[in-house]
Amino acid sequence: MTELADHSTDYGVVAAEPPEVMARNLRIGAHLWASASAFFFAAFLFAYFYLRALDSTAVWRPKHVDPSLTLGTLAAVSLVAAAVLLRFAVADHRADRLNAWRFKGAIVLALLLAGVVLQIVEWSTQSFGPTDGPYASVYLGWTGLLSLFVVGLLYWVETTLATSFRYRNTRRGAPVPAGHASGDGDRSDPDIENPLSLIRSELEAVSFYATFLSGIGIVTWFVLYVL
Amino acid sequence: MNFRRLLGYNLLTAFVLGIVGFYVGWWLGHQFSGPSIAYFADTGQNDIALFLAYLVGLIGFLSGLGFASYPIQRLLGKPPSLREKETAGTGRYFTLCTDHKVVGMQYLIGIGAFIFVGGLNAMLIRFELLSPTKQTFNANNYLTIVGLHGTMMMGMMTSGILGPFANYFLPIMIGARRMAFPRIEALTFWLLMVAGVILMTTVGYGGFPTGWTGYAPLNDQANMGMDSYIVFFALVGLSMSLLGLNMIATVVTMRAPGMAWGRLPIFVWSVIATSVLMLLAAPVLISTLLMVALDRTAQTGFFNAQAGGSPYLYQNLFWIFGHPEVYILALPGMGILLEILPVFARKPLWGYRLAVTGMLGISLLSWLVWQHHLFVSGINADLRPFYMLSTELISLPTGFIFICALGTLWQGRIRFTVPMLFALAWLFNFLIGGLSGVFLSDVPSDVTTHGSFFSMAHFHYTIMGGLLFSFFAAIYFWVPKMTGYAINERFGKIHFWTMFIAFNSTFGPLLVIGFLGMPRRAVTYAGYLHGGNTWVSISAFFLGGSMLVFVGNFVWSQVFARVPVGANPWASKSIEWQLPSPVPVHNFDRIPTFGADPYPYGDGDGAGDSTAPRVVTAPARPRP
Amino acid sequence: MRLQGHAGRIAALTVVGTAIVLPLVIFVLGPNMPPGHRTTGASSQVNDNTVLLVVMTPFTVFILAYLAYAIFAFRAAAGEELRDGPPIRGHMPSQIAWLVVTSAAVLFLAIFGTAELFASNGAGGGEGPKPIAKPSGPVLPVQVIGQQWEFTFRYPTYGGVETAELVLPVNRQIEFHVTSLDVIHSFWAYELGVKADANPGVDNVAYVKATKTGDFQIRCAELCGLWHGYMFDTGHVVDAAQFDTWIAGERKQFTPVEKYLPRYSVTYSPDPQVRAG
Ligand code: HEM
Ligand SMILES: [Cu+2]
Ligand SMILES: [Cu+2]
């Protein structure tokens, strides 16, 4: 109909998109999502310092409101360790040491899970509840949401790991049946060139996000336990 | 009719699963017990149950649309894929569809419907205010109506232009076939729809008394309807944040060859400036609302002064989000304005860089002004001069937009089409909105105008006179491209003139009435304001009537008359008009290469009156 | 030159329009701007409103004149609708001029607003517990307590007497202390030009000095729940003698109930460990 497009053009004529596009999308997406998450936690940071400075009725932090430093430190350490290990895993993947990456990836999952479990242990053993003043409020809200984010990260790491496992016997560059990735049986051409082509970029993206989240973990630990 | 199709992923399944999920969550919430939630017994309200009901209901609804299958497949190790199946036909409008053009249409109709609901509430408010004392609605219902109106409008209009028009046209404008994250794109839309329904269910739980700002500690004291507000706004925030993320990612990564930053259509720049705010401000809102939810369910003390918290904290956090939100509402309108003016003045955009600077400047400055909403609250009173300055500074970048608009008209050949009329009206309305804003930014003057109908009329001039007018401009301008059918021009003009006159005759007097001492959100007012209010109410009903003209015209033109428009009814030179109407599923046969900005009017190609684009070079069409 | 023709005519329209509107603004509209001249704070607000209007007038007239002119002079002639206009993509001098002029206006407004804020002791607005703009002489403190859904008033210099009515002596500097017992309210005395939010646990101070006697409206200006719309009242500014007799009467009524009320304090807070409903 016009120079640029026509309704009658067959879907198959549209060239399949090169995987670099998705790779770049994932990278920028991870950065943007990290900045949004930063603002999310910034609100809690703001609340912390605001209420601490205000301390209007001198109940900011009664004596018994004292979460266990050991458990908190362990939780933070496991998050940081997971992020560091993931970096090494990415390096392994770059160097084509796929078994090494999968092994490290599994440990990362375990570490993240451990962090969440430690946090839950902490909540169930601590000597205060949500009604014990502003510090307790900030503490519970913040750690709770951070744990949710860690669970999300866990999921994300798991998906790349699972893809890598599922295709562990597939040759690099092997052709994929049409519509394989999206499960769209009507597709006449592959909707993804190679199921493995995106693992690296996704891994880089998730590793960036993990590093970011471990940064949040350190801030959390410092603000809630040390300050 | 093939009834088996009804069993697939579609809106019907979604509703069924959503309702089932709601009751599952509700039941689950009632299984909790514990010392800190013993208060259920004496108030008869269970906030935990309602939150869980909304949450599980949301999950059910989204699964019914097909959103669950991709994450589960990923969990099982299927590779990331580009997008879901894109079928033709109407069915795709009622399910998860990742074609950005389908999402754009879904947004247009979905948001339109909720804005209509918000508008009906406005009519009810104005009906009540016909009398200074007599009560049509009881006190609680009146507050709920005011809150529903404001919250619905704020929540829906934030995506009012980005949702329908940026989703549809932004990829096309930058020469892409899709958005960066098509599935997220679809998610933003459905989140918003669920949110809208949730907000309306507040009526069943006693409504909420706080207006759209939801101030603490009233929000803590309120009954269960408050939870609907919280969930609504949190979902809107999530939708907004993801929408912004998707827009920025798309512009960064999906531009076609030759589409340099300096060649982006100005509308795309306005989308970027808006998206940055959406991406970063909405998370603050979500955090804040989660704190409110914790205060209400787990009895934490974030905002409770007696428990060591602070209502000021809520006000700060809310407006740290809230002021950027205000510009999220204003910026897309500026983009539409500057996108439409060149087409109908047949001139390039005047001062492209200045306009871009203006938009980015507004985006940046809007983070620094939030306490101007709190001038008389007693917060940080010594910072008032700073906030007065920063607020007034925003009028500089806003002034850039104005001068660019005026410059574009200079020596143009103006055609007064319906979209152009709305664009010109934007200039007039936003001028008044901006001038009234100067009073609010001046601390001594704000002492009287704060919390009055003056400020209410001010923000209606900016968001209704600005955003809603540009929303209509965009509809008249772009819908023919989206559907392939013209919108009747004669009735379009009737709609414009009735709306423009009724709008000014409603909100102009409200500026005065507010200055004369009428407070916001109050169901009674002083007797001496009765005459003015009657006038305003009657004008508001005309304003409502003009919307009916629009709806009638729209439905008639698009559903019954169906006059095809061809590819380029406005003789525009930008790329979306060089495609067939409606745009084919794949947008471009081949990705185009851009050679100039989209405003090459009068650039000496031929006699200066050519409508050929000269912006893009299309590679030869591939032969199948 | 044609171009100068357009510019010249728009400039002429702007100048003539401003010359007509400005005197009207200064002499007719300005002095009659709300909220009137019954207190020092209100007067300084009127003053501000007038100055703002004056600064805005030339800009408004320019933009409207330009728009009107453009609509008439730059409309496409019949048959010429699709001819392109000249490819002008900007004009540095006018961009710079616009930037300079608007910046000057903005800076002036900010400086003027700040100066006026201090000169008028906060212009009747709430200034928090530690006001930065305050009068130097003696003041009469009056506490305003917001609660759902009424205002009550206490006079600490008169034994902390609590009254249901607000009565103020004329020509004395008043120091309002606004606070709340539950949610946020806002104390708005329209004719006095006073508005200050009532926050629980916060002492929000506002200054005003009434220069004329008479009644004034009091309204709550912050949504505070169910009966917010009914939270209004009438206050009175009276001369010194009337005020003295009134307050004496109030104190007499107050003595027997005094012991049931908390002692006067800038804020009132129930036991922090006990949840309010
Ligand atoms: C038919 C057109 C409209 C009319 C007649 C109308 C009327 C009103 C009135 C009378 C109020 C004040 C209620 C009160 O404070 O007592 C109000 C509040 C409000 N309106 Fe509208 N409105 C209209 C359209 C819109 C639009 C298009 C938007 C936004 C896009 C909007 C956003 C708001 C907001 C945010 C509030 C504040 C609610 C609150 O105080 O919490 N309105 N409107
Ligand atoms: Cu603001
Ligand atoms: Cu109130």
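Below, chain A is the first sequence line, B the second, and so on; all start at residue 1. Quick caveat: nothing in here was measured; it's all calculated off a predicted structure.
Note: B:Leu75 leads B:Leu294, B:Val284, B:Leu75 in heavy-atom pairs under 4.5 Å with chain A. The candidate from B:Ile320, B:Ile184, B:Asn316 with the greatest count of non-hydrogen atom pairs under 4.5 Å with chain A is B:Asn316. For the options B:Leu285, B:Leu280, B:Leu317, heavy-atom pairs under 4.5 Å to chain A are most numerous at B:Leu280.
B:Phe181 touches chain A through its side chain: at least one heavy atom from C-beta onward sits under 4.5 Å away, while N, CA, C and O do not. Contact annotation for A:Ala47: both backbone and side-chain heavy atoms come within less than 4.5 Å of a heavy atom of chain B. Heavy atoms of B:Ser241 lying under 4.5 Å from chain A belong exclusively to its side chain. Contact annotation for A:Ala36: both backbone and side-chain heavy atoms come within less than 4.5 Å of a heavy atom of chain B. Of the atoms belonging to B:Ala249, heavy atoms from both backbone and side chain fall under 4.5 Å from chain A. Contact annotation for B:Asn246: neither backbone nor side-chain heavy atoms come within less than 4.5 Å of a heavy atom of chain A. Proximity to chain B is limited to the side chain of A:Tyr50, based on heavy atoms less than 4.5 angstrom apart. Only the side chain of A:Ile28 comes within less than 4.5 Å of a heavy atom in chain B; its backbone stays farther off. Only the backbone of B:Val583 comes within less than 4.5 Å of a heavy atom in chain A; its side chain stays farther off. With a threshold of 4.5 angstrom between heavy atoms, A:Trp156 does not approach chain B through any atom at all.
To the nearest 0.5 Å, the span separating CG on B:Leu245 from CG on A:Leu32 amounts to 4.5 Å. In this structure, the separation between OH on B:Tyr312 and CG on A:Leu54 is 10.0 Å, given to the nearest 0.5 Å. Between the CE atom of A:Met22 and the OG1 atom of B:Thr253 there is a distance of 11.0 Å, given to the nearest 0.5 Å. Atom CZ of A:Phe40 sits about 9.0 Å away from atom OG1 of B:Thr288, to the nearest 0.5 Å. Considering CD of B:Gln73 and OG1 of A:Thr163, their distance stands at 11.0 Å, rounded to 0.5 Å.
Nearest heavy atom pair, residue B:Leu279 against residue A:Ser35, reads CD2-OG, 3.8 Å. When every heavy atom of A:Pro134 is checked against every heavy atom of B:Ala307, the shortest pair comes out as CD-O, 3.5 Å. In terms of heavy atoms, A:Asn25 sits closest to B:Met254 at ND2-SD, 3.7 Å. Taking every heavy atom of both residues into account, B:Phe588 and A:Ala5 meet most closely at CA-CB, 4.1 Å. Minimum interatomic distance between B:Ala298 and A:Thr131 (heavy atoms only, all atoms of both residues): O-CG2, 4.3 Å.
Side-chain contact check for B:Leu290 versus A:Leu145: some heavy-atom pair is nearer than 4.5 Å. Under the 4.5 Å side-chain criterion, counting only non-hydrogen atoms from C-beta, B:Pro71 is in contact with A:Tyr155. In this structure, the side chains of B:Arg178 and A:Val21 come closer than 4.5 Å at one or more pairs of heavy atoms.
In A:Phe103, the CZ atom is not crowded: 12 or fewer heavy atoms of neighbouring residues, nucleotides or ligands sit closer than 6.0 Å.
Looking at A:Ser137, its side chain does come within 3.5 Å of a backbone N or O of B:Gly301 through a donor-acceptor pair. Using a distance-only test at 3.5 Å, with no hydrogens or angles considered, no donor-acceptor pair links the side chain of B:Arg590 to the main chain of A:Leu4.
A distance below 6.0 Å separates the ring centres of A:Phe39 and B:Trp367.
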Legend entry - side-chain contact (heavy atoms from CB on, under 4.5 Å) between A:His31 and B:Val252, worked out: CA-CA 12 Å; A:His31 282 77; B:Val252 172; over 6 Å; no
